[in-house]
Amino acid sequence: MIKRILLAVTMPVVLLAVWWFASAGSTDFYFPPLRRILETFPETWFGPRMVDDVLPSLARLAIGYAAALCVGIALGMLIGANRTLRAVVEPLLEFLRAVPPPVLVPILMLMAGIGDLMKVLVIVSGCLWPILLNTVEGVRAVDEVLTDTCRSYRIRGRLRVWHLMVRSASPQIVAGARQALSIGIILMVISEMFAASSGIGFTVIQFKDGFRIPQMWSGVLLLGLLGVLLALLFRLVERRVLGWYHGIRAVQKER
Amino acid sequence: MLTVKGLSKTYDAKGRRVEAIGDVSFDVADGEFVCVVGPSGCGKTTLLRCIAGLLPPTSGEIVVEGRKVDGPPDGLAVVFQEYGRSLFPWLRVRDNVDLPLRAAGMGKAKRRELVTEALDAVGLADAHAAYPWQLSGGMQQRVAIARAIAYQPRVLLMDEPFAAVDAQTRADLEDLIRSVWQRLGVTLLFVTHDIDESVYLGQRVVMLSSSPTTVAEDLAIDLPAARDQLATRSDPRFTELRGQVYAQIQKAKQERT
Ligand SMILES: Nc1ncnc2c1ncn2[C@@H]1O[C@H](COP(=O)(O)OP(=O)(O)O)[C@@H](O)[C@H]1O
Ligand SMILES: [Mg+2]
């Protein structure tokens, strides 16, 4: 365990060290020393900007991501369980998934204005597809012996949806949710760069326009850190939700 | 009472027709223990799935407790051949046994009692909190049996339940099934490809020919009700019956070729 943590942090530490020393004597206006960036970091982000920019960004991400999860899983269950419906909508889904979500920003701005709703919708429109398509795959692959078991033992309704469909498909759902999370973070920033009055993306652009380069870099650093933190949080949740799945894989490896 | 009348089943998948069951008829009386024996691939699982209402027959009909089967019948439980895959890997052993009871809307106290009793009966009293995949094949099979017992079925179907466990576990499970049957008084249809097992376990053996399947013979097993792995298997009558079943199955095979 400790060994794994050490291995995991080695690369970031090395990269930061390289950045630190390579930039130490930099006089280039656009590439300030890492020391300067780190110095501005606390004053830039731990002040009022935490409440005015960081938290609104995260709140929009959370709402958009949660909505994409709910809609994606629910629709995925329906489509995965119904062969006719699947045949009808699958080509459409593949098309929609191929549309890069940032392209939707101007369209969504026209439809939903430039407020929070637009930004949440941008996040939903990108996060939805990996979750939806993976859920469909997961539900299609439900073990037929387990299906027969549910029929024989009259496991129906809510219990059936949860234990036969959702839990069976959960490894695929989680895989989709992991892809969606990184897409969500990217879209959170992008949606704030178009038309916004708050948010991390908005603030970074402001710093750039105001030539406050160390602050701009500190925003980039903050986004990286948030990404890492969210990925860790995701791992924790995954370990709870998919404990059984990893357990089976570990047992199979032993044999 | 369970009746199979003129049952046939032809699979028609992607242009390949397989006549799995030709024409099968037999009865099982209430509380009877009947073994169905036949070579691999002769349609035993197909027969069982038809009786369980999981597969519509091509022709013929099945009646369970006076009602024609057109879906899973009430009060009927199945122990599947792929027992490992029939357990929910995200549920602990006790929750696997409990799930059908929860689905039936049974009260919590009653459920706990039935689950504990069933797991005790199969010798898994200390495996309540384990996950199925943490158990050996034989123990997983016991969980599947415990789930069927707790469900309190009037008819129990078992599909080659011991095909994949080692000889000692198999002997234990055979005796377990007999004691469960004697205690609960269920009607039991037990499918196997093992001739010895079919003679040792049941009151009757229904022998199937190979595919397209018909009933080759229906033989009463007149061994004493109290069976014992050593005494029964060395009983001359056991050897005789076993010989009969064996000869019959050989004959059915030759008639085909
Ligand atoms: N879903 C299916 N589609 C097509 N053929 C099948 C299907 N299930 C079983 N069969 C065929 O039916 C025959 C009987 O199979 P099965 O009932 O599983 O036999 P057993 O359980 O006695 O080994 C086999 O030839 C098998 O290949
Ligand atoms: Mg079979």
Side-chain angles (χ1 to χ4, degrees), chain A residues 73 76-77 80-81 83 87 134-135 137-177 236-255, chain B residues 45 48-55 64 69-93 95-106 130-137 140 143-144 147-153 155-159:
Chain A
I73 293 174
M77 292 283 140
R83 195 173 308 173
N134 275 285
T135 306
E137 281 314 304
V139 174
R140 276 177 64 172
V142 168
D143 194 315
E144 71 250 17
V145 179
L146 223 45
T147 313
D148 278 353
T149 303
C150 282
R151 288 184 64 196
S152 270
Y153 287 92
R154 290 161 189 279
I155 297 160
R156 297 179 183 144
R158 203 170 44 79
L159 284 177
R160 184 188 140 90
V161 168
W162 181 251
H163 285 293
L164 184 65
M165 297 167 71
V166 179
R167 299 298 308 261
S168 281
S170 58
Q172 282 91 337
I173 297 176
V174 168
L236 281 179
V237 174
E238 172 181 349
R239 202 177 293 168
R240 273 201 74 85
V241 174
L242 287 188
W244 61 273
Y245 181 70
H246 296 309
I248 292 177
R249 303 243 313 221
V251 168
Q252 278 170 350
K253 222 179 276 169
E254 266 169 43
R255 283 185 188 147
Chain B
T45 299
L48 210 103
R49 280 170 49 89
C50 287
I51 299 175
L54 296 169
L55 191 67
V64 173
V69 171
D70 56 0
D74 254 327
L76 181 143
V78 186
V79 176
F80 292 93
Q81 187 170 1
E82 304 89 349
Y83 52 86
R85 279 163 64 196
S86 85
L87 299 172
F88 296 85
W90 42 88
L91 290 181
R92 294 174 192 278
V93 164
D95 299 321
N96 262 288
V97 178
D98 185 46
L99 191 62
L101 311 181
R102 253 174 86 191
M106 199 180 276
Y131 285 98
W133 38 269
Q134 295 173 319
L135 307 176
S136 67
Q140 289 177 20
V143 179
R147 177 170 64 189
I149 297 174
Y151 191 61
Q152 300 181 293
V155 180
L156 177 57
L157 310 179
M158 302 184 90
D159 192 0

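Of all the listed residues (A:V251, A:L242, A:V145), the one sharing the greatest number of non-hydrogen pairs under 4.5 Å with chain B is A:V145. Counting heavy-atom pairs closer than 4.5 Å to chain A, the top-ranked of the candidates B:W90, B:Y131, B:Y83, B:W133 is B:W90.
One distance of note links OH of A:Y153 with OH of B:Y151; it measures 8.0 Å at 0.5 Å rounding.
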Q: Please test A:T149 against B:F80 for side chain to side chain contact (heavy atoms under 4.5 Å, CB included), starting from the C-alpha separation and ending with a verdict.
A: CA-CA 8 Å; A:T149 303; B:F80 292 93; 3.6 Å; yes
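With sequence neighbours left out, the salt bridge (Lys or Arg N to Asp or Glu O under 4.0 Å) criterion links A:D143 to B:R85. B:D74 meets the salt bridge (Lys or Arg N to Asp or Glu O under 4.0 Å) test with A:R154; sequence neighbours excluded. Contacts of A:E238 classified as salt bridge (Lys or Arg N to Asp or Glu O under 4.0 Å), with partners at least two apart in sequence or in another chain: A:R178.
For B:A104, no part lies under 4.5 angstrom from a heavy atom of chain A. In this structure, chain A has a heavy atom under 4.5 Å from the backbone of B:P73, while its side chain stays farther away. The contact between B:R49 and chain A is made entirely by side chain atoms (from C-beta outward), counting heavy-atom distances below 4.5 Å. B:L54 touches chain A through backbone and side chain together, each having a heavy atom under 4.5 Å away.
Here the closest heavy-atom approach between residue B:P72 and residue A:S152 is recorded as CB-CA, 4.3 Å. Between B:L87 and A:L146 the shortest heavy-atom distance is O-CD1, 3.7 Å.
Counting only heavy atoms from C-beta outward, the side chains of B:F88 and A:C150 approach each other to under 4.5 Å.
Scanning residues 160-175 of chain A against chain B with a 4.5 Å heavy-atom cutoff picks out A:H163, A:R167, A:S168, ordered by number.
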